[in-house]
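Keep in mind that what you see is a predicted model, and the values were worked out from it rather than measured. Just so we're on the same page: letters track the sequence lines, and every chain starts at 1. Any value given below was found using the heavy atoms of this structure, including those in side chains, with hydrogens, waters and symmetry copies removed.
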Amino acid sequence: MPATAFTRRVLAVLARIPPGRVLTYGDLARLAGRPGAARAAGNIMRTASVPGLPYHRVVAAGGRVGGYGSAPRLKADLLAAEGLRIRGRRILNFKERRLKATAGTPPASKSLN
DNA sequence: AGTTTGACAGCAC
DNA sequence: TGTGCTGCCAAAC
């Protein structure tokens, strides 16, 4: 179990990221209720002990892949396997694959995906 | 309880 | 494009 509510929220949001879609650390933090806590979110990803979560779907801002413990390349591979076009440390179709950060209840206007 | 540590973000060069 | 610096925050020391 997560130590704090923030951590729990972060993991909850993480768990609902659909395959093929990504979220930035900043988005994740914002959705978890701590805007600007992107760095802290990354720390949580790093120390999270909950298995089965799509940690690789959390990327850095600007379409950068970001880190992944000692295997950042694996992260890129996993993302590529889900349809993202990757070039080095960058996600080419980032804008298409980025999950819009809808906090809480969306107005239900456009069909997501 | 104070300090250090990053799987970050954004901007200046 | 890429590199470096500053600001931020929760966790680990």
Would you jot down, in residue-number order, the residues of residues 64-78 of chain A having a non-hydrogen atom under 4.0 Å from DNA chain B?
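Hits under 4.0 Å, by residue number: A:R64, A:G67, A:Y68, A:G69.
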
Among A:D27, A:V58, A:V65, A:V59, which residue meets the side chain to side chain contact (heavy atoms under 4.5 Å, CB included) test with A:V22?
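In the set A:D27, A:V58, A:V65, A:V59, the residue that makes a side chain to side chain contact (heavy atoms under 4.5 Å, CB included) with A:V22 is A:V59.
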
Pick the nucleotide of DNA chain C nearest each of A:R46 and A:R39; which residue has the one closer to the 5' end?
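Closer to the 5' end of DNA chain C: A:R39.
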
Before you tell me yes or no, could you show the steps for A:M45 and A:L28 under side chain to side chain contact (heavy atoms under 4.5 Å, CB included), namely the whole-Å CA-CA distance, both residues' side-chain angles and the distance that decides it to 0.1 Å?
CA-CA 11 Å; A:M45 297 298 97; A:L28 189 56; 3.9 Å; yes

Which heavy atom of [X] sits nearest a heavy atom of [Y], and at what distance?
X     : Y     : answer
A:L99 : A:P18 : CD2-CD, 3.6 Å
A:A15 : A:P54 : CA-CD, 4.3 Å
A:A41 : A:A29 : CB-CB, 4.2 Å
A:T24 : A:A60 : CG2-O, 4.0 Å
A:S49 : A:P51 : O-CD, 3.2 Å

Side-chain donor/acceptor of [X] to backbone N/O of [Y], under 3.5 Å:
X     : Y     : result
A:R21 : A:R98 : yes
A:R57 : A:I17 : yes
A:R97 : A:F94 : no

Tell me what A:Y25 touches on the nucleic acid: a base, only sugar-phosphate, or nothing, going by heavy atoms under 4.0 Å.
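A:Y25: base contact, heavy atoms under 4.0 Å.
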
Describe the nucleic acid contact of A:A40 in one word from base, sugar-phosphate, nothing, applying a heavy-atom distance below 4.0 Å.
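Here A:A40 touches the bases of the nucleic acid.
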
On DNA chain B, nearest-nucleotide positions of A:G62 versus A:G42: which is more 5'?
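So the residue in question is A:G42.
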
Outermost nucleotides of DNA chain C that come under 4.0 Å of a non-hydrogen atom of chain A:
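It runs C:dT1 to C:dA11.
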
Going 5' to 3' along DNA chain B, which are the first and last nucleotides with any atom under 4.0 Å from a heavy atom of chain A?
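The footprint of chain A covers B:dT5 to B:dG10.
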
